[in-house]
Amino acid sequence: MTKKNPLSLQLKFDPEDFLPATNEEKESLVVMRESVGFWRDGARRLRKNKVAMACLFVIIIIMIFAFIVPSFYPYSYSEQIQGANNMKPFEFSAEEQARIAAGEKLFPHIFGTDKMGRDYAIRVMMGSRISLLVGMVAAVIILVIGSVYGSIAAFAGGWVDLIMMRIVDIIYTIPDILLIVLLSFALKSPLKTLASIKGFHWLSVMGENLVSIFVVFALLYWVGMARMVRSQILQLKESEYVTAARALGASGGRIIRKHLLTNCIGTLIVITTLQIPSSIFTESFLSFLGLGVAVPMPSLGSLASEAINGINTFPHLLFIPSIVISLIILSFNLLGDGLRDAFDPKLKN
Amino acid sequence: MSQATTDNKYLVDIEHERLSFFTPVGEVKALNDVSFKMKEGEVLGIVGESGSGKSVTAYSLMGLTAYPGRLIGGTLEFNGHHINDMTEAEFRAIRGNEISIIFQDPMTSLNPVYTVGNQIEEVIRLHTDKNKEEARARAIELLTLVGINEPEKRLKQYPHELSGGMRQRVMIAIALACEPKLLIADEPTTALDVTIQAQILELMMELREKLGMAIIMITHDLGIVASMCEKIAVMYAGRIVEYGTTDDIFYNPKHEYTKGLIKSIPRLDAKDHERLVPIEGTPVDMLNPPAGCPFAPRCDNCMKICLREMPPVTYFGDVHYTQCWLNQKAEAEAAAKAGKEAADE
Amino acid sequence: MSDYLLEVEHLQKHFPIKGGGFGKNKKVVQALDDLTFGIKKGETLGMVGESGCGKTTAGRTILRLHEPTDGKIIYDGDVLFDKEKKIAVNMLPYRKKMQIVFQDPYASLDPRMTVGDIVGEPIDIHKLCSSKQERYDKIIGLLEKVGLNSEHANRYPHEFSGGQRQRVGIARALAVDPEFIVCDEPISALDVSIQAQVINMFEDLQDQMGLTYLFIAHDLSVVKHISDRIVVMYLGRMVELADSYELTMHSMHPYTRSLVSAIPIADPVTARKSKRIILEGDVPSPIDPPSGCRFRTRCPYADERCAAEVPEFKEVTSGHYVACHHLDRVK
């Protein structure tokens with residue numbers, strides 16, 4: 001027997017080694033991993049995703065420029081500087097050069113000016129602000145309507161679900177751009193009268209078109225979200241922990257609050273994040289067609305649209321807003337992908 | 001290994017296989033120094049709990065190690081092929097031909113958009129030069145072999161039209177299409193009902209007698225290996241902790257884990273209610289395995305050395321071996337006693 | 001009042017098929033038909049059968065997690081449901097007495113809740129504790145009862161092994177101090193080495209708390225080990241009910257006999273000697289079950305009578321009930 005175990009003979013054993021181990025010694029071997037909650041675990045995974053982190057950084061930079069910088073920027077988006085039409089970047093008008101010569105310090109027009117003589121840099125920033133606002137407000141509208149509608153349909157089930165989902169199907173078939181055009185015409189006069197009432201003045205600043213874009217988002221674009229939420233809730237409703245909660249005597253409200261919604265949150269975050277760029281895209285597209293924000297308020301789409309006439313002489317006027325749109329959309333999409341991988345790995349594929 | 005022979009009479013010869021999964025949270029050592037040999041026509045049972053590495057061992061033999069797993073050591077030989085340095089193309093040539101596999105869930109392993117006939121004929125035509133008619137004839141022959149009635153009709157059906165037991169039969173037919181030397185059965189009956197399980201096990205034993213292939217039976221059910229297998233490998237945390245003939249394992253278990261497993265299952269023929277003797281504790285966390293014997297934290301007779309060092313192999317006879325310090329201790333004591341007696345004389 | 005804690009009479013549950021036709025010819029899954037039995041206080045009644053035999057449906061219908069289609073449920077003398085008399089009581093007070101432990105310890109725990117909150121949920125629902133400290137102490141007490149400790153309370157289910165999660169599921173069921181627990185395949189998803197731990201725990205808890213179990217499983221040897229009596233189900237109907245030793249050793253129904261013989265025995269010598277009764281074919285669909293005796297399509301003894309008449313579930317010897325026309329021939 002020993003012949004087969006050359007190893008065991010070579011080893012010299014300490015008799016101590018063969019003493020029984022104590023329970024404490026045994027337990028010390030079993031180390032439980034550090035506890036990680038859902039959010040921390042997701043955040044950790046997100047931090048590891050370099051692309052998503054870079055996109056988050058880009059989005060934050062753009063947001064700083066869109067929301068904070070304009071408030072102390074020396075020019076305003078609507079201020080027309082006389083004699084400063086269509087200047088190249090870092091150029092000054094004759095009047096401004098005279099002032100500089102007089103010893104005054106002037107902030108350069110980083111992106112030049114447009115044909116009305118407005119500082120282009122501030123207009124791009126304001127345009128980004130509008131685009132981002134449109135994207136985020138639209139995403140929130142869609143999130144609220146879609147998730148409420150979807151969860152009601154899923155939770156009620158039966159005929160209610162059937163009818164609600166057929167309505168969704170019908171809405172899917174409505175051509176959205178056509179509806180926006182129609183709505184902006186239809187809403188023009190009622191909105192104008194509304195804007196003349198005290199307290200509703202902001203409507204005219206925003207422009208009827210923008211309002212109608214929001215109305216269309218509220219009317220049409222939530223359907224995708226509603227479908228997603230419904231299918232998610234339908235799935236969760238069948239899960240055993242929901243049955244377990246019912247067996248414990250939990251009420252319907254408690255189940256929705258404590259089990260269904262909390263388990264949906266990952267998905268909701270992801271879909272909402274991915275909704276932002278698509279709303280921005282729609283807004284830019286509509287503004288480009290002249291259906292967007294009211295002048296003199298710029299949006300990235302309307303800036304591009306205005307620049308299209310002078311594309312041969314002043315190409316930078318078109319390129320700058322286009323690049324910003326692309327950056328925003330790309331960053332949000334990639335960040336959404338990153339969030340999905342981090343918080344909702346099931347949704348992949 | 002001292003009793004290793006150099007000639008290639010073994011169908012499967014795995015030595016010191018090490019395989020790890022490189023996950024984002026760290027390296028998971030799925031297989032640690034796994035060695036076993038199989039003769040042609042032998043039935044080997046691999047038992048162990050989930051995550052013990054029983055499937056990984058068998059899959060690595062077919063070159064089917066899932067990402068991010070990687071073979072990092074040892075030599076694997078199958079039927080004269082050196083698995084270690086085979087390319088994907090070479091693997092494809094032997095898969096389904098010399099070595100086949102049947103999975104736990106026959107629904108997911110059959111393609112739902114093709115008929116049963118398509119799927120069987122595809123395998124036949126892939127590995128032989130049979131034409132369409134010959135392949136069809138062979139498919140019918142195979143379905144008859146696995147006990148499916150009206151094979152012509154079944155060939156035209158889609159997987160979802162068949163019951164679970166029937167699907168598993170089709171899977172077996174596909175696996176046997178080229179009369180492989182080795183059939184890997186990965187929990188082939190876990191998803192099936194008890195009466196259907198009995199049918200499938202019976203079928204596998206019949207086919208083995210007819211075709212003479214070797215079988216690796218991967219299961220967690222000791223009952224299945226007791227009635228089917230000649231040799232059994234008990235795996236725990238990526239190691240074969242005990243290996244032997246079926247009788248060795250059941251009637252003369254040497255490793256504490258094997259002993260615990262056998263004691264912990266309720267017996268149907270027990271007249272009086274006997275309390276079960278469970279193995280206490282929880283399975284190993286494969287990301288943070290203990291330094292010494294992986295079973296040490298759950299072992300009732302754990303010793304100090306078990307916590308520190310992995311036990312070496314102890315042999316009992318030619319086949320039966322185990323990795324447990326208790327056996328080393330017994331041997332050391334016996335040797336000491338013999339030495340003392342010799343000194344006394 | 002009888003000596004039964006729970007009684008069901010002719011309990012039936014049919015599920016309509018989704019997407020099936022409208023109106024009259026709507027198809028149903030006859031998941032459970034004519035279930036009639038009683039469970040005595042402190043007893044464990046085992047329920048075995050293959051997939052689709054209605055055992056899980058039975059457990060959930062008894063707790064009225066599925067509303068019964070027909071029949072009667074009596075718990076401790078209170079009628080919980082009676083189709084004929086149109087009684088369907090509010091279950092909330094009974095949820096404190098009747099609990100359930102699920103099969104899949106992965107799916108039955110909310111992944112977003114900590115173990116402490118999962119175990120605390122029944123305490124919150126039934127407002128069992130007046131202060132936070134009391135709630136915390138109770139949760140820790142429950143966790144310790146099932147072999148976990150206070151360290152585990154702030155962790156999430158995915159950090160635990162299958163056996164530990166099942167312990168959490170049991171602690172949750174115990175939080176309301178129940179009298180009766182439906183154990184719905186509580187060990188089938190666990191590793192062999194862990195199964196015995198959980199079985200022993202069920203037995204210990206029964207001794208300590210005087211619990212009554214309906215123990216559902218497909219593994220006859222496990223059910224036999226833990227149960228006092230066993231009922232065998234096939235395709236939604238009861239085929240045999242007897243004392244557990246009697247049922248496994250002297251089974252009468254051809255289905256039970258094949259079930260007993262089909263279990264792989266973990267003993268090579270016995271396994272080599274034993275002859276298996278291998279049933280032909282598969283379990284038919286419960287959407288369109290065979291007429292008469294539902295087992296007849298796979299039964300070696302079946303004849304015309306089996307197709308025409310539903311066999312009566314009758315007491316053959318004391319306490320041993322069987323539903324079969326051909327008991328003499330089977331013997």
Side-chain angles (χ1 to χ4, degrees), chain A residues 23-24 27-28 30-42 44-45 154 157-159 161-163 165 231-269 343-346, chain C residues 16 18 56 59-60 62-66 90-115 117-127 149 151-161 164 168-169 172-173 175-176 178 181-182 184:
Chain A
N23 278 341
E24 290 75 54
E27 269 159 29
S28 68
V30 189
V31 224
M32 253 199 124
R33 282 179 222 171
E34 197 197 335
S35 170
V36 245
F38 167 66
W39 296 110
R40 268 180 51 202
D41 191 39
R44 198 197 62 206
R45 258 177 290 180
W159 280 104
D161 181 30
L162 195 75
I163 291 169
M165 289 332 279
S231 68
Q232 184 92 12
I233 297 236
L234 275 183
Q235 219 178 15
L236 292 175
K237 213 172 78 166
E238 296 302 317
S239 60
E240 244 171 21
Y241 57 82
V242 171
T243 316
R246 281 174 55 216
L248 291 170
S251 59
R254 187 188 167 87
I255 289 172
I256 295 181
R257 265 197 340 269
K258 285 267 176 184
H259 299 290
L260 297 182
L261 284 181
T262 46
N263 279 284
C264 267
I265 277 181
T267 318
L268 290 182
I269 293 173
F343 288 99
D344 206 354
K346 277 174 291 176
Chain C
K18 265 179 202 161
T56 294
R60 295 187 184 190
I62 287 168
L63 295 180
R64 284 185 57 210
L65 293 171
H66 297 314
N90 177 13
M91 284 298 286
L92 191 60
Y94 295 96
R95 298 273 181 238
K96 277 198 272 186
K97 297 177 180 171
M98 308 164 81
Q99 268 306 317
I100 181 166
V101 174
F102 293 89
Q103 167 179 7
D104 189 345
Y106 294 83
S108 61
L109 305 177
D110 189 332
R112 297 277 193 276
M113 281 167 95
T114 62
V115 162
D117 281 335
I118 289 170
V119 177
E121 186 169 26
I123 300 173
D124 302 342
I125 291 169
H126 296 283
K127 302 189 178 62
N149 58 49
E151 237 177 77
H152 295 121
N154 289 324
R155 290 174 176 271
Y156 288 86
H158 69 90
E159 300 172 49
F160 292 88
S161 66
Q164 287 173 315
V168 175
R172 171 175 63 188
V176 291
I181 298 181
V182 173
D184 186 4

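Everything quoted here is computed from the prediction, not taken from an experiment. Heavy-atom basis, side chains included; hydrogens, waters and symmetry copies ignored. Note on naming: letters A, B, ... go to the chains in the order of the sequence lines (proteins, then strands), and numbering restarts at 1 for each one.
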Mind checking what makes side chain to side chain contact (heavy atoms under 4.5 Å, CB included) contact with Ile163(A), not counting sequence neighbours?
Ile167(A)
Looking at every non-hydrogen atom in both residues, tell me the closest pair between [X] and [Y] and how far apart they are.
X: Pro111(C); Y: Tyr241(A); answer: CD-CE2, 3.5 Å
X: Ser108(C); Y: Ala244(A); answer: O-CB, 4.1 Å
X: Ala245(A); Y: Ile125(C); answer: O-CD1, 4.5 Å

Sort and list the pairs that fulfil side-chain hydrogen bond (donor to acceptor under 3.5 Å, both in side chains) and have at least one residue in residues 92-107 of chain C, not counting sequence neighbours.
Asp78(C)-Tyr94(C)
Please rank Leu92(C), Leu63(C), Leu65(C) by heavy-atom pairs under 4.5 Å with chain A and give me the top one.
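Among the listed options, the one with the most contacts to chain A is Leu65(C).
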Is Arg172(C) in contact with chain A via its backbone, its side chain, both, or neither, using a 4.5 Å heavy-atom distance?
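Interface part for Arg172(C): both.
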Can you name the ring pair (Phe, Tyr, Trp, His ring centres under 6.0 Å) partners of His66(C), sequence neighbours left out?
Phe15(C)
Looking at CD1 of Ile100(C) and CD of Glu240(A), how far apart are the two atoms once the value is rounded to the nearest 0.5 Å?
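Going from the CD1 atom of Ile100(C) to the CD atom of Glu240(A) covers 8.0 Å.
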Sort by residue number and list every residue of residues 252-261 of chain A having at least one heavy atom under 4.5 Å from chain C.
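Within residues 252-261 of chain A, the residues that come under 4.5 Å of chain C (heavy atoms only) are Arg254(A), Lys258(A), His259(A).
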